[in-house]
Structure formats: C-alpha cells, structure tokens
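Just so it is clear, the model here is predicted, and its values are computed rather than measured. Quick note on labels: first sequence line is chain A, next is B, and so on, each numbered from 1.
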Amino acid sequence: GEDVEQSLFLSVREGDSSVINCTYTDSSSTYLYWYKQEPGAGLQLLTYIFSNMDMKQDQRLTVLLNKKDKHLSLRIADTQTGDSAIYFCAPNRKLIWGLGTSLAVNP
Amino acid sequence: DTAVSQTPKYLVTQMGNDKSIKCEQNLGHDTMYWYKQDSKKFLKIMFSYNNKELIINETVPNRFSPKSPDKAHLNLHINSLELGDSAVYFCASSQDGVGRTQYFGPGTRLTVL
C-alpha cells in the first residue's frame, strides 16, 4: 500500500543545520508538503515543492526532491530552539501521513 | 480570527457514551477533513467532505459518523465510545479539493475512561 517513512527522532545543537528525510511511495502528487506540529497544537504548513521542481529555498528552509528515488528532504539552516517540533512529510494526493520526525534542538 | 476551530478542546468521557466534536472553518474552503492522531503521533485520515459530499471514508468503525450541515462545518459524532478511541482528533480544510494545502484546527483531545 501507499506509505511515507521518516526517521522518528533527530537531535541537533542550536545553530547547526538539521536535515529531515522522507521516502514515499505515491508518485501522483502534484505538491509535496512539509508540515510542522508544535506541542499541543495542530499541524501548520511549513513549505511545499511542486513535483516538477528538484529544489526550493525559502529563507532558512531548503527542500530537495528526488522523484526518481521518491525522496524528499527538508534542511533547516541555523536551527533554533523554536524549531523543536514534529515535522511531517506529506506527498499528499492520497492523504497518507507518516509518524513524523521529532526534532529536538539543544542549546 | 481563528481559521479552523474545533470544540471542545478536551473531552473526557466514560466508555459506552456518545459524544460529538464540532468543527468550523471561516476560510471559504470547499473541502474538510477529520484526522485521528494516536499517542505515537501517527496521523490517519478518517473522512473528507467536498461541498458537503463525502468523498473519502477510510476504514473507520461505523460508530463514527461525520455530518456536514454546510460547507463551513464538519462535525464528528462517535457512538458507544471505546478505550481505543482515545486520541487527538484534528479537523482540517483546504481549497480546490484533496491534495492542496490543508489548514488544521487546534485538535480535540478525547480521553475515554
């Protein structure tokens, strides 16, 4: 069946870069999203990339898409403590969500 | 102004009871969703409505019944609550159908005792 896989946990030091990886099976999505969920809150759109692009930069965020390998990544430059959250990859035509990656930023 | 709102925020109830969760969006979106997020943070789609019409109905016990009185509202009624129903339920909405950017509500934490 359709699936989304991410590492469950990532721990970085404040100021370092974070890279969150995602592999997926559904290749029909036009948009591929990254959402952020802070503790006790709903998900918020962080950024997205069109399926015909391979890279998108948005301030501290860089999204890389490898359609051939069905691999999506999110790089956060200069990670701050406010970036601590769960990050969900969502290649979302079929509304498949994984477990998300819990990012912990240590001062 | 809140874009997607849910009530109540917390719901604690006994097994066997019937309860409802309400959702409203003021974004003018045509598609609304209900998700269940378990204690491991796994997010699973339950239902989706487009213009008040059910378009997605995943494998969910028929104790769960969504109701969409109009485009801006999607309520979730749960009969005969079970311990396994304890989770956080999120409502979301999007414009122009499934697969577009979704806006999530703050969630309803349901605890069944």
Side-chain angles (χ1 to χ4, degrees), chain A residues 1-10 20 22 24-53 56 58 61 63 65 72 74 84-104, chain B residues 2-10 21 23-25 27 29 31-50 54-60 66 74 76 87-111:
Chain A
E2 305 293 355
D3 203 3
V4 171
E5 291 192 4
Q6 299 176 234
S7 298
L8 288 181
F9 301 102
L10 177 64
I20 302 171
C22 168
Y24 59 93
T25 55
D26 172 34
S27 55
S28 66
S29 295
T30 305
Y31 304 89
L32 297 99
Y33 299 92
W34 283 102
Y35 284 82
K36 177 183 180 183
Q37 184 180 27
E38 294 182 355
L43 281 72
Q44 285 185 299
L45 177 69
L46 196 59
T47 187
Y48 66 92
I49 188 168
F50 288 106
S51 59
N52 62 358
M53 297 168 66
K56 178 181 177 181
D58 183 0
L61 306 177
V63 179
L65 173 61
L72 186 69
L74 173 71
S84 295
I86 302 175
Y87 291 80
F88 289 89
C89 151
N92 234 8
R93 189 169 177 83
K94 299 217 173 136
L95 298 178
I96 305 293
W97 301 76
L99 284 163
T101 298
S102 184
L103 173 65
Chain B
T2 306
V4 182
S5 59
Q6 296 178 228
T7 52
K9 190 164 172 62
Y10 299 97
I21 307 172
C23 177
E24 176 181 1
Q25 53 95 3
L27 298 166
H29 288 169
T31 306
M32 295 185 72
Y33 312 81
W34 274 111
Y35 287 93
K36 178 181 180 180
Q37 187 175 45
D38 64 20
S39 57
K40 292 187 171 60
K41 304 300 182 185
F42 182 70
L43 192 64
K44 184 172 167 52
I45 182 71
M46 299 174 70
F47 304 102
S48 178
Y49 271 71
N50 181 273
L54 181 66
I55 57 169
I56 292 175
N57 184 0
E58 290 296 311
T59 307
V60 172
L74 180 62
L76 183 65
V88 181
Y89 292 83
F90 287 102
C91 175
S93 71
S94 68
Q95 184 58 23
D96 297 332
V98 171
R100 304 303 291 263
T101 303
Q102 293 179 57
Y103 293 78
F104 282 77
T108 296
R109 182 174 291 279
L110 171 65
T111 304

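With a 4.5 Å cut-off on non-hydrogen atoms, Arg109(B) does not touch chain A at all. Neither the backbone nor the side chain of Gln6(B) comes within less than 4.5 Å of any heavy atom of chain A. Proximity to chain A (any heavy atom under 4.5 Å) is restricted, for Phe90(B), to the side chain, taken from C-beta onward. With a threshold of 4.5 angstrom between heavy atoms, Ile86(A) approaches chain B through side-chain atoms but not through N, CA, C or O.
Among residues 43-50 of chain B, the residues having any heavy atom closer than 4.5 Å to a heavy atom of chain A are, in sequence order, Leu43(B), Ile45(B). Along residues 38-47 of chain A, the residues that come nearer than 4.5 angstrom to chain B, judged on non-hydrogen atoms, are Gly40(A), Ala41(A), Gly42(A), Leu43(A), Leu45(A) in order of number.
By the 4.5 Å heavy-atom criterion applied to side chains, Tyr35(B) and Leu95(A) are counted as neighbours. Proximity of Gln102(B) to Tyr33(A): side-chain heavy atoms (C-beta onward) are nowhere separated by under 4.5 Å.
Separating the CD atom in Gln37(A) from the NZ atom in Lys41(B) is a distance of 6.0 Å, to the nearest 0.5 Å.
The ring of Trp97(A) has its center no closer than 6.0 angstrom to the ring center of Tyr33(B).
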